[in-house]
K.L.:
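Sharing a structure, written as structure tokens. Questions coming.
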Amino acid sequence: MDQELTASVRTRFAPSPTGMMHVGNLRTALYAYLLAKSKGGSFILRIEDTDRTRMVDQAVEVIYKTLDAAGLKHDEGPDVGGPCGPYVQSERQAAGIYMKYAKMLVEKGAAYYCFCDKADPLEESHEPEEASFSAGYNGHCRNLPQEEVSANLAAGKPFVIRQKINREGSTTYQDAVFGEITIKNDVLDDQILIKRDGFPTYNFANVVDDHLMGITHVVRGAEYLSSTPKYNMLYEAFGWTIPVYVHLPLIMGRDAEGNVAKLSKRHGSVSFENLCAEGYLPEAIVNYIALLGWNPKNEREIFSLPELVEAFNISGLNKASAIFDYEKLAWLNGEYIRKMTPAQLGVLIAPYTHLQGTRFEPVMEQLAALLQPRLSKLSEAGEKLAFLLQCPDYGPDLFFNKKNKVNAESSREILSIMIPRLSELKVWNAATINDAITACASERSCKYLSVMLPLLFAVSGLKATPGGASDLMALLGREESLARLETALAKLS
RNA sequence: GUCUCCAUCGUCUAGAGGCCUAGGACACCAGGUUCUCAUCCUGGUAACAUGGGUUCGAAUCCCAUUGGAGAUGCCA
């Protein structure tokens, strides 16, 4: 029971290659990783491709890429090898591993061959063969005479292998997060271990592989809480040690109507790749999901992966499910963006700016510096910088700011004064431009903003911009800036 | 339907009987700094689902109710 005494912790992440990586799955991987690493143990990757109908091309690559981007380096797995291979269940199936153990179970009387057809009316029947069958399969083949089984097998009749559940009493187990869980055995059904196609089900492959791979802590979603007794019966039938269970609270999403449900597509981007494509940084995503269901027992919120490893503890795991909050993710992402250097940010925003190949590409770092405090995700860089290439269309009403007494009339006046002055500047940079603005304001005994705002509006065509008038004019250059000021003056006259 | 689990601000959470007139963060609101906007700084609004117990004392323990989620697949 005392995990501290466990010689070497081994956890695994066992995804199915069915497409993109859901953040819920990624969080499971993260916690499995953190648990192992915080104890100096091993983190194993196992591919669970036993459902051939759900296989998606390239999905295994997606898994590798995602784990890599998230920084969750596995110690053993299909691509890096290890002592417990193969790490792909279809390969293990081909090696006959699951069938071997299933037959062992049949011999022990803990499983049986079932010849019922998928659509067999007997299976559909609500009249169970045994009175105690309250759920699932009706038990038709549960006690088939040995001769009949042999005859069917000899005749090559298709079969599945089912677990023979002892329906008496109840099963109690200890979960590291949820504590003691007790389930009445009569609600457990004779689940299928080996499918008609010879592949194992998750329920069986998991137990066999977790044991064979020496997994000490099974980290998985809370949806397995009620089926865990079935796994324990398997472990017991084999005489294997039951691992420590670490069931995780589910991650929920809120849809447009405000209903809470398991996080899914309709709640927005929920795959790691989509989130990244939208401009959330992998480090921020990892940091955010780490806090969804776990807390460090203090008020700290920003953690790098190594810091998470350092701080992680099972006791910080929560029981209640959590709702994925894009706003908080965005805030955290902004924090990460602000921590970078402008040069680093420049590289990251470049693809989003539509400025590559333009005269602005060489000043990407400057642009990044301006954007840095204004970005919550990289994808926002595009819209925020669009005005550089083309000044948005606007009307005279853009020139209005009550507090600083800016209106169309005052703006026309300011522009007509400032255009000649600016065009006479010997040196065109933010400092000289700013000096010109300051000088004008002091001459007129008016506020700096009364002069600056009309210029800002004229040069950007926007009410809110990622920089002040002098910054933007410096970026746009003398020619373009003056042209925009002239255009504005014309519109106001 | 049956079974299991869960339940503190709108959201993520702290809280393991007195430290709680319940703390932090996001969001929101107000003020300040600022070359607009943003960043940054200050402050504010906002929660123990309900009802019973147990106890000198309960957000914390027990029971019930209600609400939510999950399971009930030859999916994982």
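So you know, we letter chains A, B, ... as the sequences are listed, proteins then strands, and number each from 1.
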K.L.:
Which nucleotide, if any, forms a Watson-Crick or G-U wobble pair with B:rG43, using both distances under 3.5 Å?
P.N.:
B:rC29

K.L.:
For B:rU55, give the paired nucleotide (Watson-Crick: N1-N3 plus N6-O4 or O6-N4; G-U: N1-O2 and O6-N3; both under 3.5 Å), or none.
P.N.:
none

K.L.:
Expressed as a whole number of angstroms, how long is the span from A:R46:CZ to B:rA76:C1'?
P.N.:
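In whole Å, B:rA76 C1' lies 12 Å from A:R46 CZ.
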
K.L.:
Would you measure the distance from the C1' atom in B:rU13 across to the matching atom in B:rA7 and give it in whole Å?
P.N.:
14 Å

K.L.:
Determine, stepwise, if the pair A:Y202 / A:Y224 fulfils ring-ring contact (aromatic ring centres under 6.0 Å, His included).
P.N.:
CA-CA 11 Å; A:Y202 161 87; A:Y224 295 105; 5.0 Å; yes

K.L.:
Please state whether the rings of A:Y64 and A:H74 are parallel, tilted or perpendicular, taking 30° and 60° as the class boundaries.
P.N.:
parallel

K.L.:
Rounded to whole angstroms, how far apart are CZ on A:F387 and C1' on B:rU36?
P.N.:
11 Å

K.L.:
Could I get the full list of side chain to side chain contact (heavy atoms under 4.5 Å, CB included) partners for A:T465, not counting sequence neighbours?
P.N.:
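With neighbours one apart ignored, the set is A:L456, A:S460, A:L462, A:L472.
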
K.L.:
Salt-bridge test for A:R444 and A:E413: reply yes if a basic N is under 4.0 Å from a carboxylate O, no otherwise.
P.N.:
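The answer is yes: the pair qualifies as a salt bridge.
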
K.L.:
Once you round it to whole Å, what is the distance between P of B:rA76 and CG of A:D210?
P.N.:
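In whole Å, B:rA76 P and A:D210 CG are 14 Å from each other.
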
K.L.:
Rounded to whole Å, please give me the gap between OH in A:Y394 and P in B:rU36.
P.N.:
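Computing the A:Y394:OH to B:rU36:P distance gives 20 Å.
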
K.L.:
For the residue pair A:N434 and A:Y448, confirm or rule out a side-chain donor-acceptor distance under 3.5 Å.
P.N.:
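A:Y448 and A:N434 do have a side-chain donor-acceptor pair below 3.5 Å.
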
K.L.:
Sort out the partner of B:rG70 for me: Watson-Crick or G-U wobble, both distances under 3.5 Å, none otherwise.
P.N.:
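When the pairing criteria are applied, B:rC3 turns out to be the nucleotide that pairs with B:rG70.
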
K.L.:
What is the distance, rounded to the nearest whole Å, between atom OH of A:Y280 and atom C1' of B:rC26?
P.N.:
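Going from A:Y280 (OH) to B:rC26 (C1'), I get 13 Å.
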
K.L.:
Hey, is A:K164 close enough to A:D190 for a salt bridge, meaning N to O under 4.0 Å?
P.N.:
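A salt bridge is absent here (no side-chain N lies under 4.0 Å from a carboxylate O).
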
K.L.:
Taking only Lys NZ, Arg NE, NH1 and NH2, and the carboxylate oxygens of Asp or Glu, determine whether A:E48 and A:R54 approach each other closer than 4.0 Å.
P.N.:
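Result for this pair is no, no salt bridge flagged.
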
K.L.:
What nucleic acid atoms does A:P15 come within less than 4.0 Å of, heavy atoms only: base, sugar-phosphate, or nothing?
P.N.:
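No contact.
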
K.L.:
Are A:Y31 and A:W294 close enough that their ring centers fall under 6.0 Å?
P.N.:
no

K.L.:
Take nucleotides 38-43 of chain B nucleotide by nucleotide from the 5' end and write B, S or -, depending on whether a protein heavy atom sits under 4.0 Å from the base, only from the sugar-phosphate, or from neither.
P.N.:
BSS---

K.L.:
Whole Å only: how far is the CG atom of A:N287 from the P atom of B:rC26?
P.N.:
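It is 13 Å, rounded to the nearest whole Å.
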
K.L.:
What nucleotide among B:rG73, B:rA76, B:rC74 has an atom nearest to a side-chain atom of A:D189?
P.N.:
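The nucleotide sitting nearest to the side chain is B:rG73.
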
K.L.:
Using a cut-off of 4.0 Å between protein heavy atoms and nucleotide atoms, how would you tag nucleotides 2-19 of chain B 5' to 3' with B, S and -?
P.N.:
--SSSS--SSBSSS----

K.L.:
Tell me: CG of A:N434 to P of B:rC35, nearest whole Å?
P.N.:
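One finds 8 Å between P of B:rC35 and CG of A:N434, rounded.
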
K.L.:
For the side chain of A:Y224 and the base of B:rA71, is some donor closer than 3.5 Å to an acceptor across the two?
P.N.:
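Counting by modelled atom types and ignoring angles, no donor-acceptor contact under 3.5 Å is found here.
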
K.L.:
How many Å lie between CE on A:M55 and C1' on B:rA76, as a whole number?
P.N.:
14 Å

K.L.:
Inspect the surroundings of NZ in A:K103 and state if more than 12 heavy atoms from other residues, nucleotides or ligands are less than 6.0 Å away.
P.N.:
no

K.L.:
OP1 or OP2 of B:rA76 less than 4.0 angstrom from a side-chain nitrogen or oxygen of A:K195, does that happen here?
P.N.:
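Looking at the OP1 and OP2 atoms of B:rA76, one of them is under 4.0 Å from a side-chain N or O of A:K195.
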
K.L.:
Would A:F324 and A:Y288 count as a ring-ring contact (aromatic ring centres under 6.0 Å, His included) if you check the C-alpha gap in whole Å, the side-chain angles of each, and the deciding distance to 0.1 Å?
P.N.:
CA-CA 9 Å; A:F324 192 92; A:Y288 176 67; 5.2 Å; yes

K.L.:
B:rG43 and B:rU55: how far apart are their C1' atoms, nearest whole angstrom?
P.N.:
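These two C1' atoms come out 40 Å apart once rounded.
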
K.L.:
Heavy atoms only, 4.0 Å cut-off, all strands: where does A:T465 land among base, sugar-phosphate and nothing?
P.N.:
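Since a base atom lies under 4.0 Å of A:T465, the category is base.
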
K.L.:
Using purine N1 to pyrimidine N3 plus N6-O4 or O6-N4 for Watson-Crick, or N1-O2 and O6-N3 for G-U wobble, each under 3.5 Å, what pairs with B:rU60?
P.N.:
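Paired with B:rU60, as far as the under-3.5 Å criterion goes, is no nucleotide at all.
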
K.L.:
Over all strands shown, is A:S16 touching base, sugar-phosphate only, or nothing at heavy-atom distances under 4.0 angstrom?
P.N.:
sugar-phosphate

K.L.:
For atom C1', what is the distance between B:rU72 and B:rU65, given to the nearest Å?
P.N.:
25 Å

K.L.:
Describe the nucleic acid contact of A:T50 in one word from base, sugar-phosphate, nothing, applying a heavy-atom distance below 4.0 Å.
P.N.:
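Here A:T50 touches the backbone only, sparing every base.
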
